[in-house]
> 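Okay, handing you the structure first.
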Amino acid sequence: MPLRLYNTLTQTKEPFQTVQPGKVGMYVCGPTVYSNSHVGHMVGPVIFDTIKRYLVYLGYDVTWVVNITDVDDKLIVQAAKDGVTVKDLADRVTEDYLHCLHQLGVDGIDHMPKATEHIAEIVEMTQALINKGFAYASSGDVYFDVTKAPEYGKLSHRDPEALQAGARIEPTAIKRNPGDFALWKGSKPGEPAWESPWGPGRPGWHIECSAMSMKLLGEHFDIHGGGLDLVFPHHENEVVQSESYSGKTFATYWLHNGLLTKAGKKISKSDPGTVILMSDLLRDHDPDTLRCLFLSSHYRRPIDYGPGRLDEISRGLEAFRSLFDRFERLTGTSFFTLEAPTRKSDEEKVASSIPEIDEHRTRFLEAMDDDFNTGGAFGELYELVRALNRFADTHKLETAADPEALAGYRAGVVVLKELTQILGLFLHPRVQPEATGDSLTPKLLELLVNLRARVRKEKNFALADDIRNQLAEMGVTLEDRPDGTGWKIS
RNA sequence: GGCGCCGUAGCCAAGUGGUAAGGCAGAGGUUUGCAAAACCUCCACCCCCGGUUCGAAUCCGGGCGGCGCCUCCA
């Protein structure tokens with residue numbers, strides 16, 4: 001089944017067809033860098049990272065652009081409050097953003113253009129829009145005249161008339177129509193400013209995305225994404241100015257991710273009570289757990305962030321972690337260094353000896369083809385884990401020397417790896433004490449485990465259990481398996 | 001008020017015409033010295049009321065409830 005995706009523009013699921021054969025241009029609106037990232041800011045990047053991974057898996061050559069808006073009214077206000085320059089503030093917040101992306105395994109972004117580095121393109125575009133009669137200069141500002149574009153409202157499915165009549169839009173003396181939006185804003189003294197034909201000023205909010213996306217991806221590209229809250233006015237304005245400028249379709253598909261809520265209310269920078277800083281979460285939670293929070297349901301649906309939610313997900317992920325440990329014990333190979341196909345075209349090579357594995361793999365891919373149904377895909381992953389464990393149990397892989405069965409098991413795990421890679425999950429092992437430079441803890445635990453093994457051999461189970469219980473209180477779990485005792489720190 | 005989304009088990013969640021994936025929690029079992037892990041089994045009349053249909057969670061109409069956007073927001 002071919003890939004189909006839901007397009008906000010047409011409000012239907014459409015078959016995926018690229019502008020250029022084999023190539024995909026994808027633009028996702030990034031942050032305005034005036035305050036550190038909260039959880040909500042990571043939803044989009046993780047989802048579109050997964051979308052890119054899947055498109056690459058399908059064989060597309062994907063170019064993904066995420067912008068950084070580093071000049072804007074909010075930045076000016078915040079920088080003044082902090083007593084720093086707009087640039088310093090922007091740099092600091094951008095660094096935090098990049099750090100969060102990196103932690104979450106969002107590594108597929110090809111370009112991260114900054115608004116301040118594209119002033120020339122923005123000015124050029126603004127001028128062209130004036131020349132074409134779509135925009136006008138007024139008191140040092142430049143506005144887009146929404147009455148000049150009959151299609152205005154097509155993305156957010158709003159009636160332009162109704163928008164014009166909107167009582168909440170303040171009409172001003174310098175705007176022709178209440179719905180007109182700024183392409184260029186004249187600056188007041190002391191504000192960041194660039195020279196322009198209309199005097200010193202800075203870009204309006206929407207124009208930088210048009211200018212940078214078209215520069216890097218061409219005037220007509222494939223996918224434009226962002227949070228659902230950006231549909232209007234941001235994306236609506238982007239389409240109208242871009243298409244008025246180029247005379248071409250701007251983006252073919254508009255994808256919008258659902259917003260993260262806390263206790264049912266949207267998490268928003270302008271509602272401080274809801275903000276959960278990403279950097280805080282990353283301190284206490286595994287990146288895979290956070291990725292799963294975003295991927296466990298369909299991307300267009302809202303996700304509610306509750307206190308126990310992440311722990312619940314993490315407990316579920318234990319099944320995978322146990323399997324990775326078991327796999328390493330059985331094969332001596334780490335799941336994390338295992339090589340698995342990164343392209344779907346390689347599928348013949350991985351046809352495994354366990355029939356259900358292939359079945360779940362097929363269903364996983366069908367779910368992804370259906371508008372990136374990561375929630376459905378996820379269910380198949382759990383089924384895969386169970387099938388793998390069942391296989392290992394049935395063939396008594398721990399105790400019986402059965403090279404053929406072991407090879408089959410290994411091939412099945414390769415399939416698991418192939419699929420988890422698509423979701424960007426389990427790319428790296430969890431941080432264990434060895435990795436943090438504490439080499440003593442593992443050695444001490446080995447010592448305890450060995451001593452306890454002797455005690456158990458002597459059938460002194462009271463002492464053995466006492467050791468296990470006390471370790472459990474410290475957060476160390478012991479597992480006595482047929483082939484030895486393992487430990488893990490929870 | 002306008003536009004849009006959503007309402008599936010205690011919780012999270014997939015499924016968009018043929019009698020309900022998966023995860024967490026819970027119950028029972030296999031295994032184990034006992035546990036843990038793993039495996040097996042059990043746990044839903046799909047918000048309500050009409051309608052279409054041989055047949056609806058799934059389509060249509062009407063309610064009720066929740067959310068988003070209409071203003072800066074991922």
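Just so we're on the same page: letters track the sequence lines, and every chain starts at 1. These numbers come from the heavy atoms of this one structure, side chains and all, not from hydrogens, waters or symmetry mates.
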> Measure CG/A:L365 against P/B:A21 and give the value in whole Å, please.
21 Å
> Rounded to the nearest angstrom, tell me the gap between atom NE2 in A:H206 and atom P in B:A74.
13 Å
> Pairing check on B:G33: which nucleotide meets the Watson-Crick or G-U wobble criteria with it, both distances under 3.5 Å?
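Base partner found: none.
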> Between B:G15 atom P and A:R300 atom CZ, what is the distance in whole Å?
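Atom-to-atom, A:R300 to B:G15, this comes out as 10 Å.
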> Does CD in A:E446 sit with more than 12 non-hydrogen atoms of other residues, nucleotides or ligands closer than 6.0 Å?
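Yes, the 6.0 Å shell around CD holds more than 12 heavy atoms from other groups.
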> Using atom C1' in both nucleotides, what's the gap between B:U41 and B:U19 to the nearest angstrom?
22 Å
> Is the phosphate of B:G15, meaning OP1 or OP2, less than 4.0 Å from a side-chain N or O of A:N373?
yes
> Among the candidates B:A21, B:A14, B:G23, find the nucleotide nearest to the side-chain atoms of A:E383.
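Side chain of A:E383 sits closest to B:A21.
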> Any donor-acceptor pair under 3.5 Å joining the side chain of A:D465 to the base of B:G33?
yes
> Once you apply a heavy-atom cut-off of 4.0 Å, does A:F461 come out as touching a base, just sugar-phosphate, or nothing?
base
> Counting heavy atoms from C-beta on, name the nucleotide in B:C24, B:C72, B:C39 closest to the side chain of A:K74.
B:C72
> Looking for any heavy atom pair under 4.0 Å, which part of the strands does A:L478 touch: base, sugar-phosphate only, or nothing?
base
> To the nearest Å, give me how far apart NZ (A:K185) and P (B:C72) are.
9 Å
> Check each of A:N373, A:T374, A:D371, A:N257 against A:Y299 using the side chain to side chain donor-acceptor pair (under 3.5 Å) test, and report the only one that passes.
A:D371
> For A:G379, report the nucleic acid contact type (base, sugar-phosphate, nothing); a contact means any heavy atom under 4.0 Å.
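Base, at least one base heavy atom under 4.0 Å.
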> CZ of A:F378 versus P of B:G23: gap in Å, rounded?
11 Å
> Rounded to whole angstrom, note down the P distance from B:C67 over to B:U8.
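Going atom to atom, P in each nucleotide, I get 15 Å.
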> Ignoring hydrogens and geometry beyond distance, is the side chain of A:E380 in donor-acceptor contact with the base of B:G22 at under 3.5 Å?
no
> With nearest nucleotide decided by heavy atoms, which residue, A:G258 or A:L317, maps closer to the 5′ end of RNA chain B?
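Result of the comparison: A:L317.
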> Let's see if you can work this out: which of B:C24, B:A13, B:C72 has an atom nearest to the side-chain heavy atoms of A:S297?
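It is B:A13.
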> Among B:A74, B:A38, B:C24, which is the nearest nucleotide to the side chain of A:E312?
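Looking only at side-chain atoms, A:E312 lies closest to B:C24.
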> If you check the A:R481 side chain, which of B:A36, B:C39, B:G22 turns out closest?
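From the listed options, B:A36 comes nearest.
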> Taking the minimum atom-to-atom distance to the side chain of A:Q11, which one of B:A38, B:C12, B:G4 wins?
B:G4
> OP1 or OP2 of B:A74 less than 4.0 angstrom from a side-chain nitrogen or oxygen of A:N257, does that happen here?
no
> Of the nucleotides B:A13, B:C34, B:C5, which has the atom closest to the A:D480 side chain?
B:C34
> Mind checking who B:C5 pairs with, Watson-Crick or G-U wobble, both distances under 3.5 Å?
B:G66
> Can the ring centres of A:F16 and A:Y253 be said to be less than 6.0 Å apart?
yes
> For the pair A:F320 and A:F324, name the ring-plane relationship: parallel under 30°, tilted 30 to 60°, perpendicular over 60°.
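Tilted.
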> Using the P atom as the reference point in each nucleotide, state the distance between B:C47 and B:C11 in Å, no decimals.
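Per the computed distance, 13 Å lies between those P atoms.
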> I'd like to know whether the aromatic ring centres of A:Y409 and A:H395 sit less than 6.0 Å apart in this structure.
no
> Kindly indicate whether the side chain of A:R468 and the base of B:A35 share any N or O donor-acceptor pair separated by less than 3.5 Å?
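Looking at the base of B:A35, it does pair with a donor or acceptor on the side chain of A:R468 (distance under 3.5 Å).
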> If you check the A:S270 side chain, which of B:A38, B:C40, B:C72 turns out closest?
B:C72
> Taking atom C1' in both B:G61 and B:U53, compute the distance separating them and give it to the nearest angstrom.
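B:G61 and B:U53 have their C1' atoms separated by 16 Å.
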> Distance check, P atoms only: B:C24 and B:A20, in whole angstrom units.
22 Å
> For the side chain of A:R456, starting at C-beta, report the closest nucleotide among B:A36, B:G2, B:C34.
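Closest nucleotide to the A:R456 side chain: B:C34.
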> So what does A:L259 touch, heavy atoms closer than 4.0 Å: a base, only the sugar-phosphate, or nothing?
base
> In whole angstrom, give me the gap between the P atoms of B:G22 and B:C40.
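Approximately 10 Å lies between the P atom of B:G22 and that of B:C40.
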> Take atom CG of A:D371 and atom C1' of B:A14, then tell me their distance rounded to the nearest Å.
14 Å
> C1' atom, B:C5 versus B:A9: distance in rounded Å?
24 Å
> Would you tell me if any nitrogen or oxygen in the side chain of A:K396 comes within less than 4.0 Å of OP1 or OP2 on B:U31?
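Checking B:U31 against A:K396, no side-chain N or O comes under 4.0 Å of OP1 or OP2.
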> Could you work out which one of B:C12, B:G68, B:G15 sits closest to the side chain of A:R309?
B:C12
> Mind checking A:G30 for me? I need base, sugar-phosphate or nothing, with any heavy atom below 4.0 Å counting as a touch.
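Sugar-phosphate, no base atom in range.
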> Is A:R386 near enough to B:G23 that one of its side-chain N or O atoms lies under 4.0 angstrom from OP1 or OP2?
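Yes, because at least one side-chain N or O of A:R386 sits under 4.0 Å from OP1 or OP2 of B:G23.
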> Within the pair A:R301 and B:C67, is there a side-chain N or O less than 4.0 Å away from OP1 or OP2?
no
> Identify whether any heavy atom of A:G375 sits under 4.0 Å from a base atom; if not, whether one sits that close to sugar-phosphate; answer base, sugar-phosphate or nothing.
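Base, at least one base atom sits under 4.0 Å.
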> Suppose we define a pair by two distances each less than 3.5 Å, Watson-Crick or G-U wobble; what does B:A44 pair with here?
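Across all strands, not a single nucleotide pairs with B:A44.
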> Tell me which of A:R363 and A:Y6 sits closer to the 5' end of RNA chain B, going by the nucleotide each one is nearest to.
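Closest to the 5' end, via its nearest nucleotide, is A:Y6.
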> Across all strands shown, which nucleotide pairs with B:U53 by Watson-Crick or G-U wobble geometry, both distances under 3.5 Å?
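B:U53 is paired with nothing.
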> Do you know the tightest heavy-atom contact between A:M368 and A:A377?
SD-CB, 4.0 Å
> Please report the shortest heavy-atom distance between A:I174 and A:S138, naming the atom on each side.
O-OG, 2.9 Å
> Kindly assign one of parallel, tilted or perpendicular to the pair A:H206 and A:H234, based on the angle between their ring planes and the thresholds 30° and 60°.
tilted
> Contact class for A:L381 (heavy atom, under 4.0 Å): base, sugar-phosphate, or nothing?
nothing
> To the nearest Å, give me how far apart CZ (A:F364) and C1' (B:G23) are.
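In whole Å, B:G23 C1' lies 15 Å from A:F364 CZ.
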> Classify the ring geometry of A:H256 against A:W254: parallel below 30°, tilted from 30° to 60°, perpendicular beyond 60°.
parallel
> Under 4.0 angstrom, heavy atoms only, what part of the nucleic acid is A:G226 near: base, sugar-phosphate, or nothing?
sugar-phosphate
> Pick the P atom in B:G26 and in B:C69, then give their distance to the nearest Å.
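Those two atoms are separated by 37 Å.
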> Please determine, for B:U19, whether a Watson-Crick or G-U wobble partner exists with both distances under 3.5 Å, and give it or none.
none
> Report yes if a side-chain nitrogen or oxygen of A:K269 is closer than 4.0 Å to either non-bridging phosphate oxygen (OP1 or OP2) of B:C72; otherwise report no.
no
> Does A:H102 NE2 have over 12 foreign heavy atoms under 6.0 Å away?
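Counting neighbours around NE2 of A:H102, 12 or fewer heavy atoms of other residues, nucleotides or ligands fall under 6.0 Å, so no.
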> Give A:H38 one of three labels, base, sugar-phosphate or nothing, depending on what nucleic acid heavy atoms sit under 4.0 Å from its own.
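Touches a base.
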> Using a 4.0 Å heavy-atom cut-off across all strands, classify A:A319 as base, sugar-phosphate, or nothing.
sugar-phosphate
